[in-house]
Enquirer: 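The structure that follows is given in the form of structure tokens.
The residues of the chain are indexed from 1 along the displayed sequence.
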Amino acid sequence: AYSLALWPLVPALIGSHPLLLEIVSGSTLAEVTVGAQSRLGELPLWVAVVAGVPGSMMFDWVFWWAGRRWGDRALHLILGRDPSPRAMARRQARAARLERMAERFGPAAVVLAYYLPLPSLLIYVAAGLAGIRLRTFLVLDVVGTLLWVGPIVGLGYVVGKPAVDVVHRIDHYSTLLTIVVVVVVVGLQARRRRRAFA
């Protein structure tokens, strides 16, 4: 819900206040833009990297807490609710694999969550389930987030001014594009509901 609420802010802030957008949303586009601004001397590179941490890991602790509080039930909730026996068996197998992985590789999995071929929120739930303490989880999560944000900001730094120019072009058209996308999404949802009730 938070991400959806911030979505309209992306076009409003990406051209004028990308650092603020990076802090509140952890937007990859904002991270690249801030890295490029760092290359142009507008702010130190370390600020560009550190600013991406709060927005990127803002709700990670919630998933850790869900795993700690509800255990397997949190994993099953995230993995889906299809009541068919086959889907339930697959969900049970996935949950068991995640639990084993969390017990064996918990801290390393949290640090590498952005790079693993699993949704990171599942890893955070599994970390809570495996009994990793909140303080330890947060330290590991900060390290993992820095390992993710650093290369993205570095990409913007390497590209430099052309990245800033592209962002200003995107900024010019993004408000219109956002309105079009919202209208299309709302239209598709209304169409699905009509078919469901028909």
Enquirer: For the residue pair S56 and V149, what are the closest heavy atoms and their distance?
Expert: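 That closest heavy-atom pairing would be OG-CG2, 3.8 Å.
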Enquirer: Identify the two heavy atoms, one from S38 and one from A48, that lie closest to each other, and give their separation to 0.1 Å.
Expert: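 Shortest heavy-atom contact: CB-CB, 4.4 Å.
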Enquirer: Apply side chain to side chain contact (heavy atoms under 4.5 Å, CB included) to the pair I152 and W148, showing each step before the final yes or no.
Expert: CA-CA 7 Å; I152 294 171; W148 178 253; 3.3 Å; yes
Enquirer: Are V111 and L134 connected in the hydrophobic side-chain network, where two residues link if heavy atoms are under 4.5 Å apart?
Expert: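 V111 clusters together with L134.
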Enquirer: With a 4.5 Å cut-off on side-chain heavy atoms, are E22 and V153 touching?
Expert: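 With C-beta onward as the side chain, the pair touches.
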Enquirer: Show, in sequence, the C-alpha distance, side-chain angles and deciding distance for L43 and L19, and conclude whether the side chain to side chain contact (heavy atoms under 4.5 Å, CB included) test is met.
Expert: CA-CA 10 Å; L43 69 151; L19 184 63; 4.1 Å; yes
Enquirer: List the atom of Y115, the atom of L147, and the distance in Å for their closest heavy-atom pair.
Expert: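 What the structure gives for the nearest pair is OH-O, 2.7 Å.
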Enquirer: Are V143 and F59 in one and the same hydrophobic cluster, where Ile, Leu, Val, Met, Phe, Trp and Tyr link if side-chain heavy atoms are under 4.5 Å apart?
Expert: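 Result: yes, single cluster for both.
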Enquirer: If we only count heavy atoms from C-beta on, is the Y124 to W65 side-chain gap below 4.5 Å?
Expert: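 Not touching, per the 4.5 Å side-chain cut-off.
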Enquirer: Tell me the closest heavy-atom pair linking M58 and I23, and the distance in Å.
Expert: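 Closest approach of M58 to I23: CE-O, 4.4 Å.
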Enquirer: Please determine whether side chain to side chain contact (heavy atoms under 4.5 Å, CB included) holds for the pair L146 and V53, giving the CA-CA distance in whole Å, both sets of side-chain angles, and the decisive distance to 0.1 Å.
Expert: CA-CA 7 Å; L146 285 170; V53 172; 3.4 Å; yes
Enquirer: Locate the shortest heavy-atom distance separating M57 from Y114; write the atom from each residue and the value.
Expert: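 Looking at all heavy atoms of both residues, the shortest contact is N-OH, 4.4 Å.
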Enquirer: State, to 0.1 Å, how close F137 and I132 come at their nearest heavy-atom pair, and which atoms those are.
Expert: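 Reported closest heavy-atom pair: N-CG2, 3.8 Å.
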Enquirer: Considering only heavy atoms from C-beta outward, does the side chain of L155 approach that of E31 to under 4.5 Å?
Expert: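 They are not in contact (no side-chain heavy atoms under 4.5 Å apart), so the answer is no.
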